[in-house]
Amino acid sequence: MSGDKRVHTSVPDTETAIDRNLPEFPAAKPIDEDNYFRLHKPPPYLSQISRDVAEFINYHHLQKRKIVLVTSGGTTVPLENNTVRFIDNFSAGTRGATSAEYFLENGYAVVFLHREFSLLPYSRHYSHTTNCFLDYMTESEDGKVEVNAEFQKEMIVVLRKYRHVQNNNLLLLVPFTTVHQYLFTLKLIAQELSVIGSDALFYLAAAVSDFFLPSSRVPEHKIQSQESGGKLVVDLEPVPKFLSRLVDSWAPISMIVSFKLETDSSILIKKSKGALERYNHQLVIGNLLQTRKHEVVFVTKDSERWVRLSQDQVDAGIDIESLIIPEVIELHKSSIEEKKKMGL
Ligand SMILES: CC(C)(COP(=O)(O)O)[C@@H](O)C(=O)NCCC(=O)N[C@@H](CSSC[C@H](N)C(=O)O)C(=O)O
């Protein structure tokens with residue numbers, strides 16, 4: 001549906017973005033991991049997820065299929081246990097959901113660790129926000145719901161891909177909402193995936209909170225505005241940077257790709273290289289909030305290379321993930337060969 005005339009309010013005003021020149025928090029150490037997971041209760045549903053993930057991994061590993069964990073969407077930091085207010089991280093889930101589709105089309109099985117109710121592979125094309133599915137429908141003469149003739153061609157392609165993925169059990173949807181749920185689930189899935197070693201790929205597109213409220217300081221009920229003189233003062237702690245534990249301990253043989261999100265182009269590559277040096281993983285994909293849908297930069301230990309859509313590709317509605325994913329898959333293939341040479 002071109003020529004969208006609607007007002008959009010979800011694009012942040014980057015002029016007021018926080019100063020990202022502040023030094024990064026240190027990578028998490030084993031003691032940080034022990035403290036965090038000991039002091040916070042695991043989500044009550046974790047054992048169910050563990051069973052589902054183990055079954056999914058086993059099913060695909062037997063078929064020698066590579067598996068990618070795609071994380072997608074933003075994590076929340078609740079300010080009350082009976083949550084009325086929370087701090088959210090910006091992410092619609094487009095990067096993750098679109099990337100998952102291209103991994104699936106390239107033969108991967110996908111564990112999709114996503115913010116509940118954010119965009120999902122395939123249904124993202126007709127979600128309530130982008131293209132309301134009702135706009136694609138008409139009522140036939142005998143009162144039946146039908147898809148408009150003009151959309152049949154486009155929709156049958158998406159529907160066939162969606163059905164193929166469903167019928168072959170290629171996509172496992174695992175939700176999160178809070179940063180705690182995300183971190184507990186990320187650790188669990190990483191440790192389950194570590195059994196398939198270099199055939200597992202981690203593609204961390206989720207926007208993870210940098211700060212959180214330790215559970216010991218979260219009030220049970222809605223904070224009353226007349227308390228503390230009508231102000232709401234929140235004292236947050238930095239979220240341990242568990243990417244280091246993922247690399248060093250949870251899935252040490254797997255290839256790990258993280259995303260670096262900035263709004264200031266002058267620090268993007270420096271920050272991406274900083275993340276690579278700090279966590280010692282294989283690839284950081286840097287992207288700017290303002291241009292993330294048509295350009296990204298691949299930063300490895302010894303290179304930085306922009307991947308961009310041409311104006312014609314932008315006009316044709318090509319997804320930049322159609323360029324990103326094949327490049328990531330090539331790097332994963334090389335990583336697997338390297339690990340096999342090392343006997344891993
Ligand atoms: C979120 C977006 C921009 C996609 O947007 P939508 O298409 O609207 O969903 C994604 O491309 C991205 O940059 N994701 C990463 C964003 C992010 O928060 N990255 C962190 C590093 S990864 S989060 C920290 C890591 N899990 C750890 O524990 O150390 C950063 O920039 O600092």
Side-chain angles (χ1 to χ4, degrees), residues 8 10-12 14 17-18 20-29 32-33 36 69-77 87-101 112-115 117-121 124 127 129-130 176 179-180 182-187 189-190 202-212 238-251 256-264 267-276 278-281 283-299 307 319-321 324-325 328:
H8 292 282
S10 60
V11 182
T14 52
I18 58 170
R20 301 280 292 195
N21 277 301
L22 297 173
E24 295 280 355
F25 298 118
K29 295 186 180 50
D32 303 314
E33 176 184 343
Y36 180 86
L69 170 67
V70 176
T71 68
S72 179
T75 62
T76 69
V77 174
I87 300 171
D88 204 351
N89 266 52
F90 172 84
S91 171
T94 311
R95 176 79 81 221
T98 309
S99 300
E101 287 183 24
F112 193 61
L113 178 55
H114 65 288
R115 167 70 177 275
F117 310 125
S118 67
L119 293 174
L120 294 174
R124 72 177 176 96
S127 74
T129 51
T130 36
F176 66 80
V179 65
H180 295 324
Y182 171 82
L183 291 174
F184 270 96
T185 314
L186 175 69
K187 177 176 179 179
I189 296 174
F202 289 77
Y203 183 90
L204 305 176
V208 181
S209 319
D210 283 325
F211 303 97
F212 77 108
V239 173
K241 289 300 192 185
F242 283 125
L243 196 44
S244 56
R245 304 303 297 141
L246 177 63
V247 174
D248 299 341
S249 161
W250 301 348
I256 295 168
V257 181
S258 73
F259 277 77
K260 174 54 74 182
L261 172 62
E262 295 299 341
T263 54
D264 175 352
I267 63 170
L268 179 62
I269 290 181
K270 184 182 78 175
K271 288 282 193 169
S272 300
K273 282 191 180 301
L276 214 52
R278 188 173 309 107
Y279 300 120
N280 199 25
H281 54 310
L283 173 65
V284 174
I285 300 179
N287 58 172
L288 292 168
L289 188 65
Q290 308 90 312
T291 61
R292 70 186 190 280
K293 291 186 185 290
H294 61 258
E295 63 175 6
V296 297
V297 58
F298 276 50
V299 178
V307 174
D319 300 314
I320 189 165
E321 290 80 8
I324 295 173
I325 301 311
V328 169

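Small disclaimer: the values here were computed from a predicted structure and weren't measured. Start at 1 and go down the list; that is how both ligands and their atoms are numbered. No hydrogens, no waters, no symmetry mates; every other heavy atom, side chains included, goes into these values.
Evaluation of the side chain to side chain donor-acceptor pair (under 3.5 Å) rule for T71 yields no partner, not counting sequence neighbours. Under the side chain to side chain donor-acceptor pair (under 3.5 Å) criterion, Y182 pairs with no residue at all, not counting sequence neighbours.
Contacts between R292 and ligand 1 below 4.0 angstrom, taking non-hydrogen atoms only, involve the side chain exclusively. At a 4.0 Å heavy-atom cut-off, ligand 1 touches A206 through the backbone alone. If you look at N287 next to ligand 1, the close heavy atoms, those under 4.0 Å, all belong to the side chain.
Taking the six-membered ring where the residue is Trp, F259 and Y203 present perpendicular rings, their angle passing 60° and hence far from 30°.
Residue nearest to atom 24 (C) of ligand 1, selected from K241, R278, K293: K241 (by heavy-atom distance). Distances from atom 2 (C) of ligand 1 to the heavy atoms of A205, A207, S72, S244 show the closest one on A205.
Taking 4.0 Å as the cut-off between side-chain N and carboxylate O, K241 and D32 do not count as a salt-bridged pair. Look at R245 and E33 and you find a salt bridge, because one of the NZ, NE, NH1 or NH2 atoms lies within 4.0 Å of a carboxylate O, short of that distance.
Heavy-atom distances between G93 and ligand 1 reach below 4.0 Å in at least one pair.
Looking at D210 next to ligand 1, no N or O pair under 3.5 Å apart turns up.
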